[in-house]
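Read through the structure below, which is laid out as structure tokens, and then see the notes.
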Amino acid sequence: MKQIASKQFLYSTLILLIFSPICFASSNSFPSLVVPDCLGVNIHFSGRDQAQVDKISNGGFGFIRMDFTWGSQEREKGVYDFSSRDELLQTLEARGLRPIYILDYGNGLYDNGKPLFSDEGRAAFAAYAKAATEHFKGRGVVWELWNEPSGGPERGGYSPEGYVKLAKAVYTAMKQADPGCILLGPSLAGWNFSWFEDTCKEGLLNYVDGISLHPYGAPKPEDVVEYYDSIRTIIKKYAPKGREYPLVSSEWGYPEFSGGISLDQHSQYIVRSFLTNMLQAVPISIWYDWRDDDRQIKDTRPEMEFHFGVLYNDFKEKPTYYAMKTLTTELKGYAFSRRLQAQSDDDYLLLFSKNGDSRLAAWTVAEPHTISIPVDAKTVTVVSLMGEKKRVEVKDGMLDIDLGESVQYIEPDTQSDRWAAEAAWNITGRVVFQRGMTVLIIKSNTNGLDKDCELLSSGGDLMSIASTLKQVQHGNFVLSRPYVWDGSAKPVIISSLSVEGIDKPLVRTVELDTSELPSVDILPPADGKLFISINRPACNLDDAFSGKLFLSCAKGINFDNNCISYKLLPGQTRQILSVNLKDRPEPMFSFACTLLDKDGYTILRTSPKRYSIVETFSEGKPGETIPGYNTKYTGDDESSASFTYEKSPKGSPFNICARLEYLIPKIWKPMLVSPTEPVSIPDKPKYLRAWVMGDQNRGSTKLRIEDAGGQVFQPNYGFT
């Protein structure tokens, strides 16, 4: 069994941010967000298995995903046999299903059947992909290049450089055969953002039409939003001008077994995963898996691998199958419109529309509670996760409904003008950094709604421009103005729309994407200094970027100088500033930041934030074991680890850091590094940050937090 040895460096300190006051051809196109066209399931069979395809169709799926394995279809060099996938596609077409076919895995005729590293192997694989594209041209096939290549060579994967070489060869060949074909990549496994960014640096975005992702690791389906935000931020850095890349969730699921989620949660999560993906404008979502694997398979996979299915291994339906069927029965032909405003961000109210008719999918990730929803109908029908229906009366234009973690569907018994107006009204806000200035752009339109409308200010950034918002009738509103970001993670604009004939105004909160703005990161203090990183978006690298940083409202920390100049040269994405401290900071300290450009205009102004040092590794002697910490391997096999002080690697602003060096026998089990005694943190923390540098062996770094009540949180920090 292969052993994995590696080391990681923990940069100097962990800091806790505790408080912040305040066009393809139609047959080859991506599907729109209409149920069930964009929803699919992963399968492991081919040929004419009519019974299984019928069951998939009856369950409401519109897509399948299946291996298009090279070795089984080219058994003689240059001779291809696509008959099994032909038969499968014919069976799918008869039921209106489309496939994602995965071009994957080795062929014993080339490179000894291993992932392709030779020029001959890549050329042969590209020829195979071209032949497949020609054969299935015009039949709605979506192609995906490889399955989880980010796993590395030891798991049949690729380096970023190797994968992009393969993608270039395959994409070029396939587009010669069919310019309108769709190729997805890189089939990213989990939260491995560094591997994905490395492929983008190598030019991957020139050789794919959409980004396929496997977002395993989100504790619950709604947490995938953070994952997609990170992926989109990376894409913005490297995307060719004018090109957009749909995100495709080509494999994602949760295991249902004693060590995973419950059977009830499994049926909830398939529906919430699909709905969350539609909320995130993901045009294809594939649930893993159609059927539980054979539990008698003798291999190295852990037990959880066998329990992802919608069906049991004996083809018996799980409740998950019926939850899916309810989703697609209730919303068949309905297009996702938007998320409606709720009192809490934990409540999800997703509006779907079809020919002027509207329906709502509703659930919460908080504790069960009752909410009131405005709707202009006298009664509605409420449908449960499993399809049970009940009639509910609407009182004074408000519907009281009990929300829980299971999705419910709400059908007005007469057409709702209010929900039709909600579907028609669109308002967006974005902030961009242009010529040294941050600009806010607000766009609103009512998409031909045949009613008089008035756009009103009700808070947030629109408060300061209320005087410019006049009556807007049947049309568009665009506003562009200078903007000063307050440094919040999710700044918002809040607006309301008064619609003729509708009693209560429509209210909308729009989050602003700040990935295109300069930002400031506070790094931990060490060696008598505080370190601050000035970050410029990689999409604005043409000119020099300079100015001053002011530090104010300091408590518990004394700066030698509160005004520091910065200058980023063309192509430079960040500069780390060091600020001398007059004395050692208190355990809890706070300050505010103001970032000015070279002309003195304010770009960023944050209110005071409080920081607490959880741990610092900057004061030990290299080679000494770090006291107060345990290292523990969670598997049963022999392992070893050391946790010592070390001189920081090149590129670190700190002199001393912690070094973790480990030898583990299995990739499935982690090495835990934890304090021997619980760490007491005052108040209620909002953010926890750790600085880690890996040795490029692509070990996955995760953080596990157990609070005083025993609840465990495990955010995913990707690979190092």
Side-chain angles (χ1 to χ4, degrees), residues 1-16 152 154 194 521-533 557 574 576-581 583-587 589 611-667 669-681 688-706 715 717-720:
M1 183 175 294
K2 180 177 176 63
Q3 290 190 321
I4 299 174
S6 190
K7 54 184 178 292
Q8 295 182 1
F9 299 94
L10 277 68
Y11 274 162
S12 187
T13 308
L14 299 177
I15 278 204
L16 187 69
E154 71 276 2
S194 63
D521 281 338
I522 309 304
L523 279 65
D527 306 317
K529 299 177 180 179
L530 178 71
F531 298 93
I532 301 176
S533 178
I557 188 169
R574 76 170 186 170
I576 296 179
L577 308 178
S578 62
V579 185
N580 291 326
L581 302 177
D583 46 37
R584 190 182 185 92
E586 295 179 9
F589 57 91
Y611 305 88
S612 175
I613 301 174
V614 176
E615 178 62 88
T616 175
F617 302 110
S618 63
E619 299 179 353
K621 295 181 179 179
E624 290 185 350
T625 298
I626 299 175
Y629 278 82
N630 290 326
T631 57
K632 178 184 178 183
Y633 176 58
T634 58
D636 298 328
D637 306 273
E638 185 178 350
S639 65
S640 63
S642 63
F643 195 50
T644 60
Y645 292 109
E646 181 74 18
K647 184 174 175 57
S648 295
K650 184 178 180 181
S652 168
F654 317 116
N655 292 324
I656 302 296
C657 67
R659 172 183 174 128
L660 172 65
E661 190 159 3
Y662 54 89
L663 179 70
I664 58 178
K666 286 186 178 181
I667 59 176
K669 300 293 185 178
M671 178 70 69
L672 301 181
V673 180
S674 58
T676 54
E677 299 293 334
V679 177
S680 177
I681 302 173
L688 182 66
R689 290 189 175 180
W691 285 263
V692 181
M693 175 183 286
D695 63 357
Q696 305 306 311
N697 266 354
R698 304 200 175 275
S700 177
T701 303
K702 295 185 178 182
L703 178 66
R704 183 176 296 172
I705 307 166
E706 182 174 347
Y717 282 85
F719 283 54
T720 54

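Atom OG1 of T644 sits about 8.0 Å away from atom CD of E661, to the nearest 0.5 Å. In this structure, I532 CD1 and L523 CG are separated by 9.0 Å, a value rounded to the nearest 0.5 Å. Going from atom OG of S640 over to atom CG of L663 covers 4.5 Å, rounded to the nearest 0.5 Å. Distance CE/M671 to OH/Y662: 8.5 Å, rounded to 0.5 Å.
A ring-centre distance under 6.0 Å is found for F643 and F617.
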Ignoring hydrogens and angles, write down the donor-acceptor pairs under 3.5 Å from the side chains of residues 620-628, residues two or more places apart or on other chains.
none

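Applying the side-chain contact (heavy atoms from CB on, under 4.5 Å) test to K529 and every residue at least two apart in sequence or in another chain returns F531, S578, N580. Evaluation of the side-chain contact (heavy atoms from CB on, under 4.5 Å) rule for P675 yields Y629, V679 as partners, not counting sequence neighbours. D527 is linked by a side-chain contact (heavy atoms from CB on, under 4.5 Å) to N655, counting only residues two or more places apart in sequence or in another chain. Residues passing the side chain to side chain donor-acceptor pair (under 3.5 Å) test with E586: none are found, sequence neighbours excluded. Take L672 and apply the side-chain contact (heavy atoms from CB on, under 4.5 Å) test, not counting sequence neighbours, and it matches T634, P670, R704. Partners of S674 according to the side chain to side chain donor-acceptor pair (under 3.5 Å) rule, which considers only residues two or more places apart in sequence or in another chain, do not exist here.
In this structure the side chain of C657 reaches within 4.5 angstrom of the side chain of P649, judged on heavy atoms. The side-chain heavy atoms of P587 and I613, taken from C-beta on, include no pair separated by under 4.5 Å. Put simply, the side chain of L530 reaches to within 4.5 Å of the side chain of I557, judged on heavy atoms.
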Determine, step by step, whether S648 and F654 satisfy the side chain to side chain contact (heavy atoms under 4.5 Å, CB included) criterion, reporting the C-alpha distance in whole Å, the side-chain angles of both residues, the deciding distance to 0.1 Å, and the verdict. CA-CA 6 Å; S648 295; F654 317 116; 4.1 Å; yes

